[in-house]
Structure formats: C-alpha cells, structure tokens
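Data first, discussion second: the structure below is written as structure tokens.
We use all heavy atoms of the structure for the numbers below, so side chains are in, but hydrogens, waters and symmetry mates are not. Computed from a predicted model, the values in this text were never measured in an experiment.
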Amino acid sequence: MKLIVAEKRSVAQSIAKFLGRSYKSQKLYGVSVYRFNYGGGEAVAIGLSGHIMDFDFAARQNVWTWLPPEELFNATPILVLRGETLKYVKALKSLATKADEVYLALDADVEGEAIAYETALVVKMVNPRARLYRVRFNAVTYKEIVSAFQKPTYIDLKKVEKVFTRMQVDLTLGAVFTRFLTLTVRNSLNKGQFLSYGPCQTPVLGIVVTRELQRRNFKPEKYYVIKAVVEIGSSKVEMSADAKFKTKGEAEAIAATIKRGVVKIAVYKPHYVEPPEPLETVELERRASRWLGINSKKTLDIAEELYRAGYISYPRTETTIYPPTLDLKEVLEELTAGEHGPYALELLRKGFKPTRGDSDDGAHPPIYPTKGATRAEIFKVFGKAGGHAWAVYDLVVRHFLATLSPPALVEKQKIVVSFGKIELSAEGQRTIDEGYWRIYPWERQPEKPLPRVAPGEPARAVEIRVVERETEPPPQMTESELLALMKKYGIGTDATMQDHIYTNIKRGYVKLVKGKCIPTALGISLATSLFQYAPELIEPTVRAKIEKSLNSIVKDGVSPAKLIAEIKLEFSKYYQNLKAKREEIKKALETALYSIQQQSRG
DNA sequence: GCAAGGTC
C-alpha cells in the first residue's frame, strides 16, 4: 500500500481526488483519511495539522524556581511528540504499519520539510522497512500534483536542521528571559501571571512603545501659514502658500503684499489609479483592521472558518500573483450565484485583466472567493458570527473583483498664482471614470474639483488670512501600520504576525482600542528597562538577524550545533547585563504592576 | 507557566 501524508486535511483530499479517479473518505481516530486506487494498487492519503513534534526541556528543567534561568543556556532541548496532535500520530502509525511506500507530501517550504522529517521518524518507529519519498509541489493543482508524484525526491536535511535550530533557539531564549523577568517580580504578580520575552513578541512591543514615547516627548511648535480666496475670472478658489512662517509678524508682512497676481501654472492631467494586487494574508488583515474595524487575529480566525466552509481559498499565503492554473473566469462564473453576481457578470461580458504583484510563496495562491454567496446564506451558516463573517467574505470578494477591474481614471489638477513675493497654490481632483472603485468603495478618492483657468489670467486675492498652526506628534500606531512594520523588519510570518500582536495584548503589555495599539504602563516599563539594559533583546532588527544566521545552515552549510552555541553565548551576555541591573528592573516593573493593580481596584 | 512555527 502507498501512504501519502499531507500537511493538512484539504491537501490530502485534493491529492486523493487528483491521483485516484474517485476516493472514499473515512475517519481513523477522528482523523479524515482518503482511500483510492493509484498505480494499480491501494493508496491512502492523510492530512496532519502542521507539526506533530516539538522541543521541550527535560522535566526537572521545567521547575522554574529550582533551576536558575541561565542554566537553560547549558541545556539541550529534546524532541517530543505534541500532546495536541496525538490523534494524528495514532492514525499515521496505524496506516504506516501497512504501507510499503510513504510519500511525504508536506508543503514545499522549510516548515513542511521539518514536518516531513517528523513524519518519517514516526513511520520508522512502526515500520522500519517502508520506503520514504518526499514529493514537492508548488500549487495544489492536478498538473503539479501528478508531476510531483512522477518525480519523487528525498528530504532536504539542511532545511530540517534550520527549522529544528529555530525551535531550540526560540524556546531557549524565550524560556531564559521569561523566567528571569517573572522570577524578578514574582511577589508582585497575580496567580498564574508571568512576564514573557520572545524574539518576535518583544520587538513588536518595542515598536509600539517607541511610538508612544515619541508622542509623549513631543514638543509642539507654533507656525503660521497664509491662506486666501483667489478670484480668477468668475471663479473663486481657496488657495494657500507652501511656506511656513516661524512668527506671525513675518507671515503678516508677506500677506500684506498679496493683492493682484497672475496664474502661473494651470494643469489638468489624466491619471490612472490602479486596482490593488491580489490579496495575501497580511494585506487582508490590514485592510480589515482599517476599513472593517476587525482586528487581525479575529480576521484570520474568520478567514479560516470561511475557508473550511468552502467560501474562500486558503487564507495563509504570501502570494500576490494569480497562478496560470487558476481559472479566473470560472471563479467569476461561480460568483454570479451570490450577492456580487451582477458585477461578476459585467466583468464576464466586458472582459477583464488581472493585476499582478511580485511575490510567490510557492505553496498557496492569493486569497480569492471559491463560492458565490448571499448575505442571508452567510448569516445562516455562521450564526452569531454572521456579521463579521459577511464583512470579511465581502472584502475578499470585492478585492478579487477589483483585481480584475479597470483602473479608476481621475484628472489631477493644480493651479499656482504668483503674487510677486509669494505664490499661492491649490490642488484638486475630478473623477473621470470610477473604474474599480465601484466595487471597492474603500479606496474611492473624494471629488474636489478646481475651476478651469489658464496661465496668464489675472487674479485677485480676497479674504487673506494668517492662520496659526501647531506641529503635531506622530500619530498613534494603528494595527495596520504595525503589521506593515513587522513585515518590513521580518518579524514573524504571514500566518503568525497577528499572534505576536495578540500575545502582547494577552500579557497586558498592549491594548488595542479602535484599531490603535496603545502600550500599558507595564508594557512601557518592560520595554524601557530592556531598551536601557539589553537593547539587543528588543530592537526591531533582532528577529531578522537570527533568521539570517539560521539561513546560513541551509545556504552555507553552517553546523547547527555551532550556531546554537554562538547564539547562546551572545544572548548570555545580554542576560548578564540584565542580571546586573536586576534591582532597577524590579523596581520599575513593580511600580507599573502596582499602578495597574490600583487602577483595577479603583 | 516560557517561544515561534505549523494548523483546527
């Protein structure tokens, strides 16, 4: 028998569908498996739920108060089966005993390689004679799957080493510093509360706190601008000077010279506003946070459910190019059955051209709808969560339709009038063709048309004012901006970025209020201590540095043991720096913890 | 009780 192991249920089912003409689905220990005929014999496909193994410390090393945290730098984590996925392991073992060939059809990324290795270990436990092959496909399509199975290869151990090194490094650093922080203030914590450190969560906190401190330390400065209503022919235009004046006197002196002028520039030029690129996870989260008021964690949860219910494609993807194998026309035809049907029909009739981004994760297509639906249908399927489910589904559908739609066409307008000593200007815009804005209202740009005038026309300023203004602090960090910064700094992956924000919320370091990330007293205190005594732990570039050295395992053949030793040595220095300031840190954190307790009591 | 990464 041939056994095929995929990373998730949906892929196992697709493989059964593509390789067998028909298949039978069955439950084994509560896990779906798919039986079919392939190559003249029996085959069965099973989908896991991601990793089945994990690293942990030995039991006695997990007694926080018994072992000084820094001792973990001398410990070696061990590979263990995960408790949460034991039913998958049971089902896998039971199938593996009867298999003579095992095809490791995990995703074609480094994590998939590691899960393939974990699977191989389990298979070998029960059936050492089974022949193991690794198959790699870049999309779950008939063509890719069939050709992948025609040329099976072997596990790439370098990639496995990279992932296992990351697991050990993250666990060790997380455990050492989490235990240090927690034990430092243990008498001031509530039962079950702890203070965590992580190479992703902590830099995220650092970004949020840095912005908040910039705002708090900001000193506004007054400045003055000149505004006027300018008559040109029979039109009146509100105009302003680009210049900013430090004092009111300077501005008034110049303003007094403004009387009659002449139009120097008058341009009206067409400009295309292109529709968005195909949708990937983080963009979905950012747009839902900004436009729908749904936070990133919730959005990914809802998207996951929409995917499981068959309404949208796999929601964890970094790809922004529709694969050639995806039949966009078919998707449009499917959408004609739902609320966006009329627009889909219009695109089918008029023709369409998809936009294209520049990234392809090699595993999943961009997020697109897989089924047309009405609002009533979604509310029926999702019950209480119907409102949010509809909002996210509607965004995915509209985004998809937008990527196939023509650009919007606007006229960019600019008038500059010269008044001798100073120029006043105005910018405006007029919509010529709404294009994709019709289906994607969130990106619609406002109309603010200027009159048609020509260079050389005389002008006269009336209602000349000097207006007092103040420089403004940087805005509060929105969740959308934070996600963009995490992406820029390489903190987390598409599937985990929202987790790292959520961890900061769970720990009481950050609050998310109306899409804005606001650090708490505890978050500010923790971040400030780290910036002061061990900045290497909290700077936004930490994760990218670790990630880069991990890649050297795959690229340059660096030995994992050597790399782990180097990273431990480096971070044990940071640990010593923190330990030397333990009393200062304790005081700062306790002050914050105390103020929070007072607040919750009062 | 620690992390980050898969996926549910």
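The side chain of A/Arg179 approaches B/dC2 more closely than any other nucleotide in the set B/dC2, B/dT7, B/dA4. Considering only the side chain of A/His500, B/dA4 comes nearest among B/dA4, B/dG6, B/dC2. Proximity note for A/Gln201 (side chain, C-beta onward) versus B/dC2, B/dA4, B/dT7: the nearest is B/dA4. The side chain of A/Ser196 has B/dA3 as its nearest neighbour among B/dG1, B/dA3, B/dT7.
Contact annotation: A/Arg166 does not reach the phosphate of B/dG6 (side-chain N/O to OP1 or OP2, under 4.0 Å). A close approach under 4.0 Å does not occur between any side-chain nitrogen or oxygen of A/Tyr307 and OP1 or OP2 of B/dT7. Taking side-chain N and O atoms only, A/Thr493 has no distance below 4.0 Å to OP1 or OP2 of B/dA4. Contact annotation: A/Gln193 side-chain N/O to B/dG1 OP1/OP2 distance is not under 4.0 Å. Close to B/dG6, at under 4.0 Å from its OP1 or OP2, lies no side-chain N or O of A/Thr496.
Stacking between A/Trp64 and B/dG1 is present: the aromatic ring centre lies within less than 5.5 angstrom of the base six-membered ring centre, and the two planes differ by under 30 degrees.
In this structure, A/His364 atom NE2 and B/dG6 atom P are separated by 9 Å, rounded to whole Å. If you take CG of A/Leu300 and C1' of B/dG6, they are 12 Å apart, rounded to a whole angstrom. Taking atom CZ of A/Phe180 as the reference point, atom C1' of B/dG1 lies 18 Å away to the nearest angstrom. The distance between atom CZ of A/Arg543 and atom P of B/dA4, rounded to the nearest whole Å, is 7 Å. In this structure, A/Asp499 atom CG and B/dT7 atom P are separated by 12 Å, rounded to whole Å. Taking atom CD of residue A/Glu305 and atom P of nucleotide B/dT7, one finds them 17 Å apart after rounding to whole Å. Separating the CD atom of A/Gln498 from the P atom of B/dA4 is a distance of 13 Å, rounded to the nearest angstrom. To the nearest angstrom, P of B/dT7 lies 10 Å from CG of A/Leu106.
Within 4.0 Å of A/Thr503, counting heavy atoms only, lies no atom of the nucleic acid at all. At the heavy-atom level, A/Pro199 lies under 4.0 Å from the strands shown only through sugar-phosphate atoms. Residue A/Asp494 is classed as having no contact, given no heavy-atom separation below 4.0 Å to the nucleic acid. Within 4.0 Å (heavy atoms only), A/Phe55 reaches at least one base atom of the nucleic acid. Nucleic acid contact for A/Gly112: none, since no nucleic acid atom lies under 4.0 Å from a heavy atom of the residue.
We find that A/Arg134 and A/Glu113 are joined by a salt bridge, their nearest charged nitrogen and carboxylate oxygen being less than 4.0 Å apart. Using a 4.0 Å cut-off between a side-chain N of Lys or Arg and a carboxylate O of Asp or Glu, A/Lys371 and A/Glu377 qualify as a salt bridge.
A donor-acceptor contact under 3.5 Å links the side chain of A/Asp54 to the base of B/dA3. Taking only distance into account, the side chain of A/Asp170 never meets the base of B/dC2 through a donor-acceptor pair shorter than 3.5 Å.
Taking the six-membered ring for Trp and thresholds of 30 and 60 degrees, A/Tyr393 and A/Tyr311 have ring planes more than 60 degrees apart, a perpendicular arrangement. Between A/Tyr154 and A/Tyr133, the ring-plane angle classifies as tilted under the 30° and 60° cut-offs. Aromatic ring orientation, A/Phe149 versus A/Tyr103: tilted (interplanar angle from 30° to 60°).
For the pair A/Glu111 and A/Thr172, both in contact range of DNA chain B, the more 5′-proximal nearest nucleotide belongs to A/Thr172. Where A/Leu171 and A/Glu84 meet DNA chain B, the nucleotide closest to each residue was compared, and A/Leu171 sits on the side nearer the 5' end.
Side chains of A/Glu536 and A/Tyr574: a donor-acceptor N/O pair is absent below 3.5 angstrom, by distance only.
Checked options A/Leu522, A/Val208, A/Val209, A/Val204; the residue passing with A/Tyr509 is A/Leu522 (criterion: side-chain contact (heavy atoms from CB on, under 4.5 Å)).
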